[in-house]
Amino acid sequence: MSNYDTKTIEPKWQARWDESETFLAVRDESRPKYYVLEMFPYPSGRIHIGHVRNYTMGDVVARYMRATGHNVLHPMGWDAFGMPAENAAMAIGGHPKDWTYSNIATMREQLKPLGLSIDWSREFATCDPEYYGQQQSMFIDFMEKGLVYRKNAVVNWDPIDMTVLANEQVIDGKGWRSGAEVERRELVQWFFKISDYSEELLDAIDNLDNWPAKVKLMQENWIGKSRGAQFSFDIENSPEGFDKIEVYTTRPDTIFGASFVGISPDHPLAKALEANDPAIAEFCAACRKGGTTAEALDKAEKLGYDTGIRAKLGPDVGFVGDLPVYIANFILMDYGTGAIFGCPGHDQRDHDFAKKYDLPIIDAFRPLGSDRDYTYVMPEILAEPYVPTKDEKVEYVRPCKGPDQMTGQEAIDHAISWFEDHGFGKGVTKYRLRDWGLSRQRYWGCPIPVVHCDDCGVVPEKKENLPVKLPDDVTFDIPGNPLDRHPTWRDTECPSCGKPAKRETDTMDTFVDSSWYFARFTSPRADTPTDIDDAAYWMNVDQYIGGIEHAILHLLYSRFFARAMRSCGHLPQGCEEPFDALFTQGMVTHAIFKTPGDDGRPVYHYPEDVDLKDGKGFLKDGTEVDIIPSAKMSKSKNNVVDPVAIIEQYGADTARWFVLSDSPPERDVEWTASGAEAAYKHLNRVHRLSTEIAEGTGTGSDDETLLKAMHKAIQDVTLGVASFGFNASIAKLYGFTNTLAKSKASHAARREAILTLAKLMSPMTPHLAEEIWTMQGETGLITDAAWPKADESLLVEDSVTMPIQINGKRRSEITVPADMEKAEVEKLALANDAVVKALAGGQPKKLIVVPGRIVNVVI
RNA sequence: GCCCGAGUGGCGGAAUGGUAGACGCAGGGGAUUCAAAAUCCCCCGAUUGAAAUAUAUCGUGGGGGUUCAAGUCCCCCCUCGGGCACCA
């Protein structure tokens with residue numbers, strides 16, 4: 001009897017797939033194409049068990065689609081630019097390029113033993129000049145389309161990494177990588193005009209039917225559309241040149257509840273005042289200093305400074321009197337107009353502010369049936385503002401227009417038209433989404449391919465001079481951008497006039513690299529960014545798989561890029577939404593084992609040092625450890641599972657099988673030693689079963705039962721595999737394996753069953769499946785065999801057992817022929833002992849028969 | 001604060017409104033073995049019960065409701081997780 005020897009089996013089949021170029025993707029119009037993609041990895045140095053889960057899921061989809069007759073594209077590449085390479089160069093010397101390519105080589109060698117059905121011929125890294133050169137070419141195209149611009153901008157400056165961060169990269173006021181408190185600086189920066197697409201990116205979300213609702217919602221909130229009114233107050237007692245304040249509001253219906261006007265400390269008017277008034281300057285400086293962490297904002301008091309300026313609406317509107325103009329710390333310059341009117345009666349923030357500065361609280365509306373009408377309320381009388389939802393009907397005591405009773409939304413619509421009718425305001429739609437600042441003052445990124453010429457200004461590099469390659473001779477001994485201090489790299493000539501000029505030294509945000517790699521995979525060696533025919537054939541990505549952490553940034557940028565690429569002719573029409581279906585998978589977690597240390601800090605123990613017994617863990621010396629279940633893997637907590645060691649110990653198929661079993665794919669799965677062991681035992685059992693069947697002969701009985709179970713398994717497993725129900729599929733496979741192991745059917749039937757089992761397992765455990773295929777004397781690769789089809793006629797049971805409920809509680813059951821008439825079933829049910837007893841000679845009030853399902857007798 | 005999502009045995013988790021707990025882990029019992037490992041078989045929600053294929057009672061975070069029938073649908077509440085946030 002041969003053993004389940006993964007060290008022989010797995011490399012053998014991987015070599016066979018390689019030799020026969022099984023996974024090479026070639027255009028073939030005769031078959032439907034299917035493009036499955038997992039988010040490509042950053043080459044950090046080693047693969048993580050999370051990679052195993054991510055790529056295994058993609059591989060299951062790819063192999064299943066392949067078996068169902070699709071021409072599958074399943075590529076792999078490396079998101080290879082970024083700061084860790086520079087950090088490594090700073091920490092341990094060497095060059096980011098060497099560090100990166102060496103990591104890629106290591107990780108490729110670690111990934112390959114997983115037996116993924118990847119077309120490795122399409123592999124590339126984003127730091128390959130062939131890739132980033134095409135990106136530069138596209139950047140120039142975007143410039144021509146007006147999708148790129150420069151502006152002086154207040155940026156988030158990370159003082160440790162010495163770089164600019166996107167808003168999205170600032171988390172709680174700290175740099176997403178360094179954790180350093182972010183500072184505000186003004187620099188000339190490059191931007192993509194993603195805001196041009198705000199409306200389109202928002203509207204199109206509705207059509208992303210196969211995206212998780214959660215991700216769609218997050219994107220909607222991120223784009224943040226709001227409809228409101230923009231209008232001006234006339235101001236008096238203001239500096240020269242300022243006779244109006246433009247404000248934006250989403251609640252114009254509350255205008256007659258206004259009791260002050262507020263402007264941001266960064267508002268031009270505030271800046272003008274600051275220049276002449278030291279007290280105001282001091283106040284504004286204090287506002288800017290305030291931390292931007294969520295915590296700091298929570299605690300930050302509303303601060304205001306009365307400028308002495310007075311504001312009023314246009315002369316003939318009446319009602320709203322002179323309003324004091326405050327500089328207030330809670331008003332952001334980069335949203336709306338940087339100025340608001342405050343309505344303390346219907347806004348918590350304004351309410352807080354009004355209380356503090358003793359400003360009037362004026363109701364614009366009141367709850368239906370209420371008789372309150374506050375025109376000026378001392379804070380102690382009205383503790384809270386009245387803030388109903390926009391679809392709640394309220395009664396207006398100071399309406400702009402429209403009936404007295406209407407919902408907030410109706411009132412807003414009426415108010416906007418009232419503003420427009422009176423000619424001092426207009427309806428305006430605003431988005432929270434800002435343009436994408438892509439400049440990075442780093443070395444290890446794609447150089448922005450432009451030249452600064454004294455005479456011609458900013459000039460794009462000529463395309464024939466691309467790629468603008470990164471120079472190799474750089475050092476990282478001092479912070480900042482090595483490109484800035486390189487002696488010669490910057491020096492070039494103007495592509496337009498030929499005079500000496502300087503290269504741009506900013507490089508691109510690495511999110512640019514990952515915003516179009518999926519398109520490049522369709523023709524990775526093309527000498528244009530894409531080959532339009534290849535793109536037309538392979539796009540869109542039919543199934544995209546990755547972590548929820550990319551729900552906003554990466555996916556939104558990719559959606560923008562697809563549109564921008566279409567407008568430059570790099571993608572055909574219909575690719576605006578590049579990912580037809582998205583699946584976000586959970587993490588692989590692992591328990592943390594810790595004991596209290598002498599200094600009070602916990603000591604973390606490696607899993608291999610802990611013996612588990614009855615749910616408790618003990619060290620070798622008998623000390624009990626605390627167990628924290630399901631924690632994110634972290635090197636510092638010593639709870640990282642190394643996939644390489646797992647593959648070494650159990651083989652790739654076990655690792656693949658385990659990460660798919662137990663938990664639904666979208667949820668986190670906890671890696672446990674016992675679970676991995678169990679997976680390994682099961683695969684051993686299947687292998688043993690196959691050996692047994694291969695060696696067996698002869699006749700048996702009850703083939704039909706086995707074949708029925710087989711077709712049921714085909715049905716159930718297929719359903720699971722096709723819908724990301726991998727854990728459910730695996731449960732069915734366990735069940736079918738048990739049935740087969742116990743079956744006394746004939747050799748022919750059992751052989752058919754094990755072949756089907758292998759086929760059904762092949763997306764998850766491809767090596768073992770190939771092995772069984774061969775053991776049973778089949779020729780060719782199981783990978784090339786067609787997916788089994790369930791025979792409908794064998795799925796139908798001859799007889800069914802139906803529970804009988806009496807008043808909704810299960811009391812008995814009857815077994816009847818599956819096709820029995822409802823009336824017959826009713827008759828049988830009424831004759832059932834339990835029913836007869838319960839009826840006690842009476843008649844049921846109601847008798848419900850759901851054919852094939854259940855009988856309910858209501859008494 | 002706002003917006004989502006989730007609460008089912010000791011654990012991970014199954015369950016088109018139709019027999020709650022599939023499958024796996026852990027646990028218990030047995031077979032095999034000189035013994036062990038491996039393997040195979042059986043039991044395994046709680047309560048009551050000496051026990052039993054008990055046709056007993058309770059049971060899917062809590063409380064109401066719709067329905068012949070609710071883990072599943074509706075309303076309120078609690079807890080946990082995630083996202084966003086002085087966004088006017």
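Every chain is numbered from 1 and lettered A, B, ... according to where its sequence line falls, protein lines coming before strand lines. Source: prediction; values computed, not measured.
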What I'd like to find out is whether the side chain of A/Leu683 reaches to under 4.5 Å of the side chain of A/Tyr650, using heavy atoms alone.
no
Are A/Phe583 and A/Glu666 side-chain neighbours, meaning at least one heavy-atom pair lies under 4.5 Å?
yes
Considering only atom C1', compute the distance from B/G49 to B/C23 and round it to an integer number of Å.
31 Å
Which nucleotide, B/A88, B/G24, B/C87, lies nearest any side-chain atom of A/Asp662?
B/G24
Choosing from B/G83, B/G13, B/C84, which nucleotide comes nearest the side chain of A/Trp222?
B/C84
Could you tell me the separation between the CG atom of A/Asn329 and the P atom of B/A88, rounded to a whole number of Å?
17 Å
Select one nucleotide: of B/A88, B/A85, B/G13, the one nearest the side-chain heavy atoms of A/Ile340.
B/A88
Using a heavy-atom cut-off of under 4.0 Å over every strand shown, decide if A/Thr249 touches base, sugar-phosphate, or nothing.
sugar-phosphate
Whole-Å gap separating C1' (B/C84) and CZ (A/Arg434):
13 Å
Among B/G82, B/C3, B/A88, the one nearest A/Lys214 by side-chain distance
B/G82
If you define the side chain from C-beta out and look only at heavy atoms, does anything of A/Ser729 sit under 4.5 Å from A/Met764?
yes
Stems involving RNA chain B, each a run of at least 3 consecutive Watson-Crick or G-U pairs under 3.5 Å:
B:1-7 with B:78-84, B:10-12 with B:23-25, B:27-31 with B:39-43, B:45-47 with B:56-58, B:61-65 with B:73-77
B/C58, OP1 or OP2 - any side-chain N/O from A/Lys809 closer than 4.0 Å?
yes
Give the rounded distance in Å between these two atoms: CG of A/Asn807 and P of B/A70.
11 Å
Under 3.5 Å: donor-acceptor pair, side chain of A/His267, backbone of A/Ala339:
no
Can you measure A/Asn221 atom CG to B/G83 atom C1' for me and round it to whole angstrom units?
8 Å
Going by a 90° cut-off around 0, is B/G45 syn or anti?
anti
No-hydrogen, no-angle side-chain donor-acceptor test under 3.5 Å, A/Ser226 and A/Tyr335
yes
Once base and sugar-phosphate atoms are separated, protein heavy atoms under 4.0 Å mark nucleotides 36-41 of chain B, 5' to 3', with B, S and - as ---SSS
Rounding to an integer number of Å, can you tell me how far A/Lys356 NZ sits from B/C86 C1'?
14 Å
Please enumerate all residues that pass salt bridge (Lys or Arg N to Asp or Glu O under 4.0 Å) together with A/Arg810, with sequence neighbours excluded.
A/Glu813
Please enumerate all protein N or O atoms sitting under 3.5 Å from an N or O of nucleotides 16-21 of chain B, with distances to 0.1 Å.
unit_1, atom_1, unit_2, atom_2, d
B/U16, O4, A/Arg853, NE, 3.0
B/U16, O4, A/Arg853, NH2, 3.3
B/U19, O2, A/Arg810, NE, 2.9
B/U19, O2, A/Arg810, NH2, 3.4

Closest approach to the side chain of A/Asn727, judged atom by atom: which nucleotide of B/A22, B/C4, B/A14 is it?
B/A14
Give one of base, sugar-phosphate or nothing for A/Tyr248, where a contact means two heavy atoms less than 4.0 Å apart.
base
Would you mind reading off the distance between A/Leu719 atom CG and B/A14 atom C1', rounded to a whole angstrom?
14 Å
Integer angstrom distance from the P of B/A20 to that of B/A70
10 Å
Centroid separation under 6.0 Å, is that true for the rings of A/Trp657 and A/Tyr680?
no
A/Val855 vs A/Val849 side-chain heavy atoms within contact, under 4.5 Å:
yes
Atom CD1 of A/Ile548 and atom P of B/C3: how far apart are they, to the nearest Å?
19 Å
side-chain hydrogen bond (donor to acceptor under 3.5 Å, both in side chains) filter on A/Arg685, not counting sequence neighbours, yields A/Asn738
In whole angstroms, the gap separating C1' of B/A15 from CG of A/Asp716 amounts to 12 Å
Answer yes if the side chains of A/Lys732 and A/Gln715 hold a donor-acceptor pair under 3.5 Å, and no otherwise.
no
For B/C11 and B/C3, measure between their P atoms and round to the nearest Å.
33 Å
Under 4.0 Å: is that the gap between some side-chain N or O of A/Tyr335 and OP1 or OP2 of B/A88?
yes
Categorize A/Ala678 for me: base, sugar-phosphate, or nothing, with a 4.0 angstrom heavy-atom threshold over every strand shown.
sugar-phosphate
Can you tell me how far C1' in B/A14 sits from the matching atom in B/C25, rounded to whole Å?
15 Å
Between B/C58 and B/A52, how far apart are the P atoms? Round to whole Å, please.
22 Å
Considering only atom C1', compute the distance from B/G13 to B/G24 and round it to an integer number of Å.
9 Å
A/Ala213 or A/Met218, whichever maps to the more 5' nucleotide of RNA chain B
A/Ala213
Do A/Met710 and A/Ser743 come close enough that some side-chain heavy atom pair is under 4.5 Å?
no
Name the nucleic acid region contacted by A/Asp347, choosing base, sugar-phosphate or nothing; use a 4.0 angstrom heavy-atom cut-off, strictly under.
nothing
Got a sec, which residues hit ring-ring contact (aromatic ring centres under 6.0 Å, His included) with A/Phe353, two or more places apart in sequence or on another chain?
A/Phe260, A/Tyr326, A/Phe330, A/Tyr357
Ring centroids only, cut at 6.0 angstrom: are A/Phe724 and A/Phe726 within range, meaning strictly under it?
yes
Mind checking the C1' distance from B/U72 to B/G1? Whole angstroms is fine.
32 Å
Rounding to the closest angstrom, what is the interatomic distance between B/C77 and B/A85 at atom C1'?
26 Å
Shortest side-chain distance from A/Ser674, nucleotide among B/A14, B/A26, B/C87:
B/A26
Counting the atoms with a prime plus P, OP1 and OP2 as sugar-phosphate, which does A/Leu332 contact under 4.0 Å by heavy atoms, base, sugar-phosphate, or nothing?
base
Give the C-alpha distance, both sets of side-chain angles, the deciding distance and a yes or no for side chain to side chain contact (heavy atoms under 4.5 Å, CB included) between A/Ile205 and A/Trp211.
CA-CA 9 Å; A/Ile205 291 173; A/Trp211 280 40; over 6 Å; no
Regarding A/Ile804, tell me which of base, sugar-phosphate or nothing describes its non-hydrogen contacts under 4.0 Å with the strands shown.
nothing
